[in-house]
Amino acid sequence: TQLLEQSPQFLSIQEGENLTVYCNSSSVFSSLQWYRQEPGEGPVLLVTVVTGGEVKKLKRLTFQFGDARKDSSLHITAAQTGDTGLYLCAGLNTGGFKTIFGAGTRLFVKA
Amino acid sequence: DAGVIQSPRHEVTEMGQEVTLRCKPISGHNSLFWYRQTMMRGLELLIYFNNNVPIDDSGMPEDRFSAKMPNASFSTLKIQPSEPRDSAVYFCASSLSAGDGYTFGSGTRLTVV
């Protein structure tokens, strides 16, 4: 069974601080996605990474896919209160159709 | 595009009643997924359709759960009879194909009392 472990589970920081959240597995994934979910809404896709070692930037967010395509990280620079939410990583299995979600990192950014 | 549309947004029902959740995927998306989210278990895949055909229903908890996709623009998830442990938020998501990123609906919060 493929599992994705996210850490930390919960993070509370002050506005302006930097942070990194991690997504780890012992399995190889075809691709990995990051989503952000706000209360009362469904997850919203932020990025998809496909190539081992790939780095993608989305404004203050930097996403990296591990060389072996087993892990990923999300780094947020100068966090803002609007970054508050549940961050989910999701890996597409090598069979190509089943996406496994991690349990998420709940981020709270204080003003 | 209005995105993935789910109804109802909230459902409160008594144990033993039938519950039907509805989903309209994004037009042109060939893959549709039903997920269940709880604090304890996170997001769990229940069933996946490709071109209206169920491909993987291994996540459906038991025979009380059934899902249909009669056409490309509509899917239902039915629970009969419902039980308190079915209380969760149920999400429908669609994508262009199975390997693409998903667009989620806003979910249906189900409470079975």
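Letters A, B, ... are given to chains in the order of the sequence lines, protein chains preceding strands, and every chain is numbered from 1. Being a predicted model, the structure only gives us computed values, none of them experimental. In what follows, every heavy atom counts, from backbone to side chain, and hydrogens, waters and symmetry copies are set aside.
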**Q** Within this structure, what is the CD-OG distance for the pair A:Gln33 and B:Ser95, rounded to the nearest 0.5 Å?
**A**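 Those atoms lie 8.5 Å apart.
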**Q** Quick check: closest heavy atoms across B:Tyr102 and A:Thr99, and the distance to 0.1 Å?
**A**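 Heavy-atom minimum between the residues: OH-OG1, 2.9 Å.
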**Q** Count I, L, V, M, F, W, Y as connected when their side-chain heavy atoms are under 4.5 Å apart, and connections chain through other members. Are A:Leu46 and A:Val49 then in the same cluster?
**A**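 Same hydrophobic cluster.
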**Q** Would you mind checking which part of B:Asn50 comes under 4.5 Å of any heavy atom in chain A, side chain (CB onward), backbone (N, CA, C, O), both or neither?
**A**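 Interface part for B:Asn50: neither.
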**Q** Same cluster or not: B:Tyr90 versus B:Ile47, using hydrophobic residues (I, L, V, M, F, W, Y) connected whenever any side-chain heavy atoms lie under 4.5 Å apart?
**A**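 Looking at the clustering, B:Ile47 is in the same group as B:Tyr90.
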**Q** Let me confirm one number: the CD-CG distance from A:Gln37 to B:Leu43, rounded to the nearest 0.5 Å.
**A**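 Between A:Gln37 CD and B:Leu43 CG, I get 6.5 Å after rounding to 0.5 Å.
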**Q** Tell me if the CD atom of B:Glu14 is crowded by more than 12 foreign heavy atoms within 6.0 Å.
**A**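 No.
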**Q** Between A:Glu41 and chain B, with a heavy-atom cut-off of 4.5 Å, which part of the residue counts as in contact: side chain, backbone, both or neither?
**A**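 Its backbone and side chain both get close to chain B.
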**Q** Are B:Val19 and B:Met15 in one and the same hydrophobic cluster, where Ile, Leu, Val, Met, Phe, Trp and Tyr link if side-chain heavy atoms are under 4.5 Å apart?
**A**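 Yes, it is one cluster - the side chains of B:Val19 and B:Met15 are joined through contacts under 4.5 Å.
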**Q** Please answer: with hydrophobic residues joined when any side-chain heavy atoms are less than 4.5 Å apart, are A:Val50 and A:Leu32 in the same cluster?
**A**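 No, no single cluster joins them.
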**Q** Identify the two heavy atoms, one from B:Arg9 and one from A:Gly40, that lie closest to each other, and give their separation to 0.1 Å.
**A**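 What the structure gives for the nearest pair is NH2-O, 2.8 Å.
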**Q** Is there side-chain contact between B:Gln37 and A:Leu86, with heavy atoms separated by less than 4.5 Å?
**A**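 B:Gln37 vs A:Leu86: side chains touch.
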**Q** Output the option from A:Gly102, A:Ser31, A:Gly42, A:Pro43 having the highest count of non-hydrogen pairs under 4.5 Å with chain B.
**A**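 Most pairs with chain B among the choices: A:Pro43.
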**Q** Answer yes or no: are there more than 12 heavy-atom neighbours, outside B:Lys68 itself, under 6.0 Å from its atom NZ?
**A**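 Check fails, neighbour count at 12 or below.
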**Q** How close do A:Leu45 and B:Gly101 get, heavy atom to heavy atom, and via which atoms?
**A**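 Taking every non-hydrogen atom into account, CD2-CA, 3.6 Å.
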**Q** Taking a hydrophobic cluster as the set of Ile, Leu, Val, Met, Phe, Trp and Tyr residues connected by side-chain heavy atoms closer than 4.5 Å, whether directly or through intermediates, do A:Phe101 and B:Leu46 fall within one such cluster?
**A**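 Different clusters: A:Phe101 never reaches B:Leu46 through Ile, Leu, Val, Met, Phe, Trp or Tyr contacts under 4.5 Å.
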**Q** Heavy-atom cut-off 4.5 Å, strictly under: side chain, backbone, both or neither for B:Thr108 against chain A?
**A**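 For B:Thr108, neither part sits under 4.5 Å from chain A.
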